[in-house]
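Contents: one structure, followed by commentary.
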Amino acid sequence: MFSLTVRRHFMIAHSLPREAFGPAQGLHGATFVAEVTFRRPDLNEDAIVLDIGAAGGILEEVLEDLNYKNLDDHPAFKGKLSTTEALAKHIADAVAARIADTPDGAALNGIDVVLRENPDAWAGYSLELPVK
């Protein structure tokens with residue numbers, strides 16, 4: 001299995017209004033490093049998974065909708081908790097939707113998203129894609 005990973009950072013605000021989240025119940029900010037890995041069984045005709053610039057551009061487009069936003073007000077999280085895990089899934093789904101119509105998108109069989117909140121804590125989500 002071949003893979004390519006790109007990463008960018010972004011900042012959000014949100015609250016997690018459940019007792020389980022202790023002091024994070026109130027509105028607070030978080031800075032994340034988002035790492036997105038694209039997986040495919042074979043390389044393309046150029047011997048790559050996909051173009052690094054294109055992969056980074058797709059991630060930037062997805063994060064633009066989240067960066068410096070209060071997720072409590074974001075339509076994708078209305079009535080939902082915006083935990084790191086839920087945010088990773090949201091990013092994976094948005095990246096998959098954007099890459100689906102690209103030449104290399106059809107050959108991908110997975111996208112993995114890892115969100116690093118600090119050097120000692122991170123969460124992720126793996127999205128399996130059908131190879132077309």
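If you read the sequence from its start, that first residue is 1, and numbering goes on from there.
- Side-chain heavy-atom separations under 4.5 angstrom define the hydrophobic clusters, and the remaining members of the one that includes Trp122 are Val114.
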Name each donor-acceptor pair under 3.5 Å that joins a side chain in residues 78-89 to protein atoms two or more places apart or in another chain, with its distance.
{"from": "Ser82", "atom 1": "OG", "to": "His14", "atom 2": "ND1", "distance (Å)": "2.8"}
{"from": "Thr83", "atom 1": "OG1", "to": "Ala86", "atom 2": "N", "distance (Å)": "3.1"}
{"from": "Lys89", "atom 1": "NZ", "to": "Asp93", "atom 2": "OD2", "distance (Å)": "2.6"}

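- You'll find the side chain of Leu115 stays beyond 4.5 Å of the side chain of Tyr125, heavy atoms only.
- Partners of Asn70 according to the side-chain hydrogen bond (donor to acceptor under 3.5 Å, both in side chains) rule, which considers only residues two or more places apart in sequence or in another chain, do not exist here.
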Sequence neighbours excluded and cut-off under 3.5 Å, please list the side-chain donor-acceptor pairs for residues 45-56, or say none.
{"from": "Asp51", "atom 1": "OD2", "to": "Gly53", "atom 2": "N", "distance (Å)": "2.9"}
{"from": "Asp51", "atom 1": "OD2", "to": "Ala54", "atom 2": "N", "distance (Å)": "2.7"}

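- Not counting sequence neighbours, the partners of Phe32 by the ring-ring contact (aromatic ring centres under 6.0 Å, His included) test are Phe10.
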Verdict with reasoning, Ile99 to Leu108, per side chain to side chain contact (heavy atoms under 4.5 Å, CB included): CA-CA 9 Å; Ile99 201 162; Leu108 295 175; 3.7 Å; yes
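- Residues satisfying the side-chain contact (heavy atoms from CB on, under 4.5 Å) test with Ser126, not counting sequence neighbours, are Asp112, Glu128.
- With sequence neighbours excluded, no residue forms a side-chain hydrogen bond (donor to acceptor under 3.5 Å, both in side chains) with Glu64.
- For residues 10-27, no residue pair satisfies the salt bridge (Lys or Arg N to Asp or Glu O under 4.0 Å) rule, not counting sequence neighbours.
- For residues 44-72, no pair satisfies ring-ring contact (aromatic ring centres under 6.0 Å, His included), with sequence neighbours left out.
- Applying the salt bridge (Lys or Arg N to Asp or Glu O under 4.0 Å) test to residues at least two apart or on different chains, the pairs with a partner in residues 4-17 are Arg7-Glu35, Arg8-Glu60.
- Among residues at least two apart or in separate chains, ring-ring contact (aromatic ring centres under 6.0 Å, His included) pairs with a member in residues 90-119 are His74-His90, Phe77-His90.
- Dense packing is recorded around NE2 of His28, with more than 12 heavy atoms of other residues, nucleotides or ligands lying under 6.0 Å away.
- Every side-chain contact (heavy atoms from CB on, under 4.5 Å) that Asp120 has, sequence neighbours left out, goes to Asn118.
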